[in-house]
Peer 1: 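Input: one structure, supplied below.
Numbering of ligands and ligand atoms starts at 1, following listing order. Every value quoted in this text rests on a predicted model; they were computed, and no experiment measured them. Each residue takes its place number in the sequence, starting with 1.
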Amino acid sequence: MIRTYPKNFARFYDTIYHHLRDAVDNQYFQNEIKHTSGKVLEIGVGTGRLFLNALNQGADIYGLDISEAMLDVLYKKLQQEQHYRLSLQNIIDFTFDFKFDLVIAPFRVIMHLLDKEEQIKAIDNVYNHLNNKGRFIFDTFIPDLNQLIKGNNNQLDFEGEYDSGQKVRRFVSTYPDLINQTIQVNFHLEWEENNVLNHDDWILPLRFFFRYELEHLIERSKFKKYKIFGDYKGNELNQESKDFIIICQKQEQAMP
Ligand SMILES: C[S@@+](CC[C@H](N)C(=O)[O-])C[C@H]1O[C@@H](n2cnc3c(N)ncnc32)[C@H](O)[C@@H]1O
């Protein structure tokens, strides 16, 4: 089951995540893109938090997303002649009639795929769209078991202004489902507009992964070469790691 990001979540995404996430991963992905000479694809491009920066730096970057609401925000920020770079597609079965040297799925895109067959299809589909030696980089959070089981109960995780003097607040509750290996995230948004306090709710299930499951998953895919890092600075996995950063490389066998 896929729940696409709804309109109000897309509307406040930039205000919330430029604040909560940019310092963690933006520089890392910009560097990886900068050091790629060919075409780049961002899967789950969202509102362009990373994409726009890269495009402005001269990258030949494309973006796809399954949420119309998220893409609508990005289309509005993008000059008309660059609109061809975006498409409404699913990671599982997207198609292009050219290939990429780098495909990225930043900020937990793969965690939106709850089912293992969908995950394999998605990873193999990326493989099919890479040039030889091309790389696929994606990330997932490392489950913090205490936090996961304890959950959050309507915790305020963001408060800021989306426009001058106009506040938006986000509250988050989380519920673990250990059998299905998912965490259900309930978002509650409140924002001031025309002297009225508006609100909206949204439920997002995310699939969490452990290290060896990720390894098995990739080893079941078409990728034969991969490495998992423990942060966005290129450090090995260690007890302090908060994210898995998975880099897979396509290696085609030379014909005998
Ligand atoms: C947390 S956001 C990350 C957005 C952007 N990459 C960033 O770093 O800010 C995850 C994005 O993945 C998209 N997404 C979720 N499932 C997808 C799928 N099956 N195919 C393509 N995009 C998907 C969502 O619509 C959302 O825009």
Side-chain angles (χ1 to χ4, degrees), residues 1-33 40-55 59 61-78 85-96 100 102-126 128-129 136-141 157-158 170 172 174 182-185 187 189 202-209 217 232 242-246:
M1 178 191 35
I2 289 173
R3 288 165 191 257
T4 60
Y5 284 41
K7 199 160 164 253
N8 284 325
F9 194 82
R11 177 177 176 194
F12 298 112
Y13 184 91
D14 284 344
T15 308
I16 296 173
Y17 285 110
H18 278 301
H19 179 80
L20 294 182
R21 192 66 185 172
D22 270 4
V24 179
D25 63 3
N26 202 331
Q27 201 183 347
Y28 172 83
F29 284 109
Q30 299 307 329
N31 265 342
E32 294 297 334
I33 294 167
V40 178
L41 171 65
E42 181 177 350
I43 294 179
V45 66
T47 60
R49 186 178 67 88
L50 305 169
F51 172 94
L52 278 176
N53 233 346
L55 186 66
I61 186 166
Y62 291 73
L64 67 85
D65 203 287
I66 203 177
S67 160
E68 235 174 317
M70 295 290 272
L71 285 177
D72 277 351
V73 174
L74 178 50
Y75 275 120
K76 290 199 180 93
K77 294 192 267 182
L78 200 60
R85 294 182 177 277
L86 300 181
S87 53
L88 182 67
Q89 300 199 71
N90 191 334
I91 185 172
I92 293 167
D93 54 12
F94 71 87
T95 58
F96 285 92
F100 299 88
L102 175 66
V103 176
I104 57 175
F107 200 17
R108 304 170 183 169
V109 176
I110 293 290
M111 299 182 76
H112 295 67
L113 303 177
L114 305 186
D115 170 76
K116 63 184 182 189
E117 294 313 321
E118 284 184 345
Q119 293 156 7
I120 285 284
K121 265 195 202 159
I123 295 171
D124 281 346
N125 195 24
V126 171
N128 293 338
H129 284 85
F136 175 37
I137 306 179
F138 66 99
D139 54 18
T140 68
F141 66 66
D157 80 335
F158 180 81
R170 192 176 73 170
V172 175
T174 57
T182 57
I183 173 169
Q184 180 186 304
V185 189
F187 293 106
L189 275 177
W202 181 47
I203 296 175
L204 175 69
L206 290 174
R207 178 75 150 62
F208 58 85
F209 294 89
L217 184 66
Y232 296 91
K242 303 255 184 304
D243 294 276
F244 293 121
I245 291 96
I246 304 102

Peer 1: Answer side chain, backbone, both or neither: which part of Val45 comes under 4.0 Å from ligand 1, heavy atoms only.
Peer 2: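 Within the 4.0 Å criterion, Val45 contacts ligand 1 through backbone atoms alone.
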Peer 1: With heavy atoms of Val109 as the reference, note each atom of ligand 1 found under 4.0 Å away.
Peer 2: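 Listed by number with element, the hits are 12 (O).
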Peer 1: Are any of the N or O atoms of Phe107 closer than 3.5 Å to those of ligand 1?
Peer 2: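 Not met; the criterion fails.
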Peer 1: So is there a nitrogen or oxygen of Asp65 less than 3.5 Å from a nitrogen or oxygen in ligand 1?
Peer 2: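 Yes, since at least one N or O of Asp65 sits under 3.5 Å from an N or O of ligand 1.
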Peer 1: Without hydrogens or angle criteria, can the side chains of Tyr5 and Asp65 be said to hold a donor-acceptor pair below 3.5 Å?
Peer 2: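 No pair is found: no donor N or O on one side chain lies under 3.5 Å from an acceptor on the other.
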Peer 1: Taking only heavy atoms of Met70, which atoms of ligand 1 are found under 4.0 Å from at least one of them?
Peer 2: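 Those atoms are 27 (O).
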Peer 1: Hey, does Glu42 sit under 4.0 Å from ligand 1 if you only count heavy atoms?
Peer 2: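 Right, Glu42 reaches ligand 1.
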Peer 1: Any heavy atom of Tyr13 closer to ligand 1 than 4.0 angstrom?
Peer 2: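 Per 4.0 Å heavy-atom rule, Tyr13 contacts ligand 1.
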Peer 1: Heavy-atom contacts with Leu113 under 4.0 Å: which atoms of ligand 1 show up? List them by number with element.
Peer 2: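 Answer, ordered by atom number: 19 (N).
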Peer 1: Please confirm whether Arg21 comes under 4.0 Å of ligand 1, counting heavy atoms of the residue only.
Peer 2: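 Heavy atoms of Arg21 never come under 4.0 Å of ligand 1.
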Peer 1: Would you say Asp25 contacts ligand 1, with heavy atoms under 4.0 Å as the rule?
Peer 2: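 No; Asp25 lies far enough from ligand 1 that no heavy-atom distance drops under 4.0 Å.
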Peer 1: If the condition is salt bridge (Lys or Arg N to Asp or Glu O under 4.0 Å), which residues does Arg108 pass it with, not counting sequence neighbours?
Peer 2: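 Checked Arg108 against salt bridge (Lys or Arg N to Asp or Glu O under 4.0 Å); matches are Asp243.
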Peer 1: When you look for heavy atoms under 4.0 Å from ligand 1, do you find them on the side chain of Ile92, its backbone, both, or neither?
Peer 2: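 Neither; no heavy atom under 4.0 Å.
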Peer 1: What atoms of ligand 1 come closer than 4.0 angstrom to any heavy atom of Leu50?
Peer 2: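 Counting atoms of ligand 1 from 1, those under 4.0 Å from Leu50 are 8 (O).
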Peer 1: Is the shortest distance from a heavy atom of Asn90 to ligand 1 less than 4.0 Å?
Peer 2: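 Yes.
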Peer 1: I want to confirm something. Looking only at heavy atoms, which of His112, Met111, Glu118 is nearest to atom 15 (C) of ligand 1?
Peer 2: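 Nearest option to atom 15 (C) of ligand 1, by heavy atoms: His112.
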Peer 1: Would you indicate which of Gly44, Ala122, Gly46 comes nearest to atom 6 (N) of ligand 1 when only heavy atoms are counted?
Peer 2: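 Shortest heavy-atom distance from atom 6 (N) of ligand 1: Gly44.
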Peer 1: Does Lys77 have any salt bridge (Lys or Arg N to Asp or Glu O under 4.0 Å) partners at least two apart in sequence or in another chain, and if so, which?
Peer 2: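 For Lys77, the residues satisfying salt bridge (Lys or Arg N to Asp or Glu O under 4.0 Å) (neighbours in sequence not counted) are Asp14.
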Peer 1: Taking a cutoff of less than 4.0 Å between a non-hydrogen atom of the residue and any ligand atom, is Tyr17 in contact with ligand 1?
Peer 2: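 No, Tyr17 has no heavy atoms under 4.0 Å from ligand 1.
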